[in-house]
Structures are given as C-alpha cells and as structure tokens.
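What follows is a short report on a single structure.
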Amino acid sequence: MTAAADHVTQPKTSSRFFRRALPYLLSLPALLVCIGILIPFFTAVYYSLLRFRLNLPALKGFIWFDNYINFLSDPAFWNTVKISLVYAGLTVGVELLLGLGIALLLQKPTRFNNVASILLLLPLMTAPALAALMWKLMTNPNFGILSYFVSLLGFHNFKWASDPSTALLTVTLVDVWVYTPFIMILLLAGLRSLPKAPFEAAALDGVPRSFVFFRITLPMLLPYIITASLFRLLDSIQQFDIIYSMTQGGPGDRLMVFQVQSYLEFFQYTNVGRSAALLIILWAITYLLSNVFIKQWLKLRERAHGGA
Amino acid sequence: MDHTSGLERAIRGILIGLVLIFFLFPIFWIVLMSFQTNETILRIPPSIVFEPTLTNYSALITGRLETTAGNLDIAFMKNLWNSVLLSTLSVALSLILGVPAAYAFARFRFRLGEDIAFTLLSFRFAPPLLVLLPLSLYFKQLGLTNTYIGLIWVYQLICLPLILWIVRGYFEDISPDIEHAYRIAGNSWWRTFRKIAVPLAMPGIAAAGLLAFIFAWNNFIFALILASADKQPVTVGALAFVTASGIQYGQIAAAIVLSIAPTLALALYAQRYLVEGLSLGAVKG
C-alpha cells in the first residue's frame, strides 16, 4: 500500500535516488559522529598491542599480545578482575533486592506512594561523583554525621572508605544510594503494568500470598528485572565516578576496578599500552554482557509489538 | 491485597519511612551543612539547631575563599557556567543530529539501518575511558584539548544514543497515516517532517532532551580527562575545589548544593516526562 501511495503521489522533483538516499541522509550526521568515535576505539585496540609509555617514547614498538599475556601472571590484574566483578555483583544484587522491595511497597498508585516514588528519584538525579563527595563529608571521621551514628553504636574510630576492611562496603553503600532508585522505578513501572486478572483470580481462590508472589508476580516481572539488572551490571562493572571521587581506587589497591586502574596506568604510570589493554579486556566483558542484554531486549520488544 | 490489616499497614508505613530517610537524609544533611560555619559543623554531638549563615554561598559566588591559610580565589561560578554551557549546547547538538536519525530509523527500513542504530546504541555500553584515553592524545594533536568544541563533541557519546532511542520509540508509536495524508496533499517530506512528525513526537523529544541534559550535567569522566581548570564543569570542579579549600566544610557542602540543585530542580519539574522517558527507553523501546 505504501509503495503504491508513494508511486502515485511522489512529487516530480524528488527522484527515486533521492527517496532511497533519504534515510541515509537523515542518519548521516549521527553516523559521522559515531565514526568519529570508532577512530579512538580502534586506536585503543592498536595501542594495546604496543609497548607504549609516554615517558619513554623511544621504546615504542609492536609487542603484539605481550600486554595481555603479562596481565595473566600479574596478581594486580587479577585483583582488578576480582574487585570489579565483586563490586558489580554486590551492588547489583543489593540494588535489585532493595529496588524490588521498595517497588512492592509503593505498588499501589496512591497519591502518597506516587510522591514518595518521585522523591526517591532524587539520588539518581545527583551526579555520582558529587554523591560520593556528599558521602565523603558524611563519613568524615572528625565531624561526619554517619561516623557519629556508628560511634553511638559503639564503633569508635570507624574509618569507612579509608579502611581496607570497610572501603568496599562504603562505596557499595554510595552506589546503592545512587542507583537503587533506578531499579525501583523500572520495576514499579513493570508492576503497575501487569495484567490484573491473574491476581484477582488468585485472591478469589484464596491462594497464599507467598505463592502469588513467587509464582505469578515474580515470573511476570522477570523481563523488567532482567532489563534493569543488566543495565545496572554494565554500568557497575565500569564504575569510575563514585570510586574515583571517594578513594581513587584505594586504600592500597582495595578498590582498583578496571577503569580506575587504567586511568592510573595512563596518567600516573604513563603506560598507554597496558592501560589500553585493560580497557579492551573490560570492553570484551561488557560486550558479552550487552549482547545478552540486547538479545533479551529485542525479544521483549518483539513480544511487546507482536503480542499487542 | 485490599484486606490489609492495621498491623500490616503500620509496618508498610514504617518501612516506607525508613526508605525515605535513607534516600533523602544525605541531601537534607548536606543542605544543612551548607548553612553552617566550621564551628557548628565540627560540634560533637552534631545538632540540627544552629544559626544559619550565608557566608559559604557568598564566598562561592564572589569567588573569594577565606581559609586559615589565607585568601584563595576559586573559579566555582566559572565551573557552574561551564556546566550550563556544555550541557545545553551538547543537548542542542544531539537533538539536531538525533531527531532526524531517529525518524529515519523509525520510518524507513533501509539497508544497514538496524546495524547503524545498534552501533550508535552500543556506545552507551562501552567503557568511556576506552574512547577517552586515545582521544586525549588525538585532542592534543588537533588542538582540541580543553576546548568547548572538543568537549561538546565527546558529550554526544552520552546524549546522542539516549535521544536516538527514546525519540525513535515515540516516532514508532505514532501512526504514519497522518503523515501519508499530508504527503498526499502534496507536501514535501521535509515539510511533513517539520509540521507533522516532529510536533507529534514533541513529548518524547522533550523527555529525551531533559534526560540527556541531566546525564550531561552529571557527567564527570569526560571533563576530568579532556578539560583543564577553565573549562571544567562543576562535577570535576567541585572535586578539585575540595582538595584546594581543604578545611572549609561548609563551603564544600554549599558547592555540592549549588552543583546538584539545577538538575534536581529540573528533574522535579519534569519528573513525569522523565519517569515516562526512563521506562519507555529502557523497557518498552
């Protein structure tokens, strides 16, 4: 039908060629920006195969995969892998549970619940780097309000992010503060869009609420949960803002996640090759994860468009 | 669900209260701190009773910090201005680039169309440093380091995918029939695009633009690497300012408040669009 309509009504001036080129012309400017970004990407791939230190330019040369191979025997690298995965798993796990809990609490669309859910978005609207700064002030050992609270509980001299044993916990707390609302709002949107019929039927039959939750609510909410957690997982494994502004990867190498490590490799040790190799490894991990995400997302999209 | 007992309602109420305290207390406390002098901030035990002062804010606005180590000039207002400039211009540019592209992806099936769309989206998932570190070397060669143009271009990494995907979804939700009718009446596609498609998708475009603005404002890593002091936005500036001013905690708090207030105000004002935009862009597509 479209083709026929086009055929009849096409103004004389617009040629067949123009019509075929139009979508490309429309997306070309965005595409050019995208190509501009592909250049630094491939440059990074190239750098990762070099011995390339900014302070020793004479040594620059191809070493193929030596940067990567060197990482395999480097405990610092494995620490980076471990801490990045632990950080991502911990933050997303806590945020998912908490976000689901809050979404369930606010599920009924009452006026109070709506206002509360909007207020809960405020942390999400705070720049993560600045949120980290806020928490740094609140956990200051001298005057921080949180340090005062824990001292009331008997923990004097609690060092928060500057103590290796509590640093991970502290940054996780900040991440949870910033990003739980993200999961909450997606799951809330999901919960409120679920069809009513199964729940009414279950209520009529007097089905226990735990059964309703685990057998009806949770499975129907699953697509939303998957989308939200994969979104967060991709972000979290690349966390930089919160960790860098709070501890710069420290104390020691306690919070040396991928992006902080490669930032320091680049600017502190001026080792471009190693820095690039680290980022390529991180990219490979996120690429795999985002493929899972995009497949899932496409499936959802298909279902949403086809099922309606 | 409707036959909830009084006890259950009470428990729910308490839980929601705790959740609200956890998520809102930090903002509340920093705002309180920003109206205090070091003297009252450093009190033990802390108290919410104090005589509010505006000195922290006036020090930031005039750019003169009086510390125990002497007077210090800071460019905090310049940082704020940089944030306004960078976020606004970046969003404007990505609307100009993104809306036509989103329209193309939504309305036409063309070869490589989906591939291009996915490539653009995939930048959202790549580690930012992967692009930024090589770029910092290129920028040096091109003379783009520490320029607004260079930064605005890089900010497209955040804004463009967001706008593309949200606006595309809106265009797809609008039936093309109205556009066809308008075309049949003898109007060019460009006129149709301007007079019919864009106005119909306006809520989506506005939501996407607001979201992109907030993300651009909150960005930290791009400017940290590509901008030095005089082009830095508040996210980076505030961090540097903390180490520089050291002991004036009230001023640090005031700086945080001034840095997050604009986006918070915008977000509150536009919350309905934003929630819609967030859930549409992420889940529905």
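Chain letters run A, B, ... following the sequence lines, proteins first and then strands; every chain starts at 1. If you're wondering where the values come from, they're calculated on a predicted model, not measured in any experiment.
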Please flag which part of [X] lies under 4.5 Å from any non-hydrogen atom of chain B: side chain, backbone, both or neither.
| X | value |
| --- | --- |
| A:Leu233 | neither |
| A:Thr286 | side chain |
| A:Phe258 | neither |
| A:Leu133 | both |
| A:Leu188 | neither |
| A:Ser275 | side chain |
| A:Met138 | side chain |
| A:Phe42 | neither |

Beyond-backbone contact of [X] with [Y], side-chain heavy atoms, under 4.5 angstrom:
| X | Y | answer |
| --- | --- | --- |
| A:Phe112 | B:Ile16 | yes |
| B:Leu132 | A:Tyr263 | no |
| A:Ile102 | B:Phe22 | no |
| A:Phe143 | B:Met33 | yes |
| A:Phe266 | B:Ser136 | yes |

Backbone of [Y] reached by a side-chain donor or acceptor of [X] within 3.5 Å:
| X | Y | value |
| --- | --- | --- |
| B:Asn218 | A:Met125 | yes |
| B:Trp217 | A:Thr126 | no |
| A:Trp177 | B:Phe23 | yes |
| A:Gln259 | B:Leu129 | yes |

Distance in Å, [X] [atom1] paired with [Y] [atom2], rounded so as to fall on 0.5 Å steps:
| X | Y | atom1 | atom2 | result |
| --- | --- | --- | --- | --- |
| A:Leu146 | B:Phe25 | CG | CZ | 7.0 Å |
| B:Trp189 | A:Leu22 | CH2 | CG | 4.5 Å |
| A:Asn113 | B:Arg12 | CG | CZ | 8.0 Å |
| A:Ser27 | B:Leu164 | OG | CG | 9.0 Å |
| A:Asn142 | B:Tyr249 | CG | OH | 6.0 Å |
| B:Ile30 | A:Leu137 | CD1 | CG | 4.5 Å |

Please look at [X] and chain A and tell me whether the side chain, the backbone, both or neither of the residue comes under 4.5 angstrom of a heavy atom of that chain.
| X | value |
| --- | --- |
| B:Ala253 | both |
| B:Pro176 | neither |
| B:Leu160 | side chain |
| B:Phe108 | side chain |

Looking at [X] and [Y], what are the two nearest heavy atoms and their distance?
| X | Y | value |
| --- | --- | --- |
| B:Leu20 | A:Leu119 | CD2-CB, 4.5 Å |
| B:Ala101 | A:Ala30 | CB-CB, 4.0 Å |
| B:Pro127 | A:Gln238 | CA-OE1, 3.4 Å |

Can you tell me which of [options] forms the most heavy-atom pairs within a distance under 4.5 Å of chain A?
| options | value |
| --- | --- |
| B:Leu224, B:Val236, B:Asn219, B:Ile96 | B:Leu224 |
| B:Leu133, B:Leu135, B:Thr263, B:Thr235 | B:Leu133 |
| B:Ile27, B:Val99, B:Leu15 | B:Ile27 |
| B:Ser259, B:Ala102, B:Ala185 | B:Ser259 |
| B:Val234, B:Val154, B:Leu137, B:Leu157 | B:Leu137 |

**Report entry** CZ (A:Arg20) with more than 12 external heavy atoms under 6.0 Å
**Finding:**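 It does not: A:Arg20 CZ has 12 such atoms or fewer within range.
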
Query raised in the report: Passes side-chain contact (heavy atoms from CB on, under 4.5 Å), B:Leu130 versus A:Leu282? Steps please.
Result: CA-CA 9 Å; B:Leu130 185 61; A:Leu282 175 60; over 6 Å; no

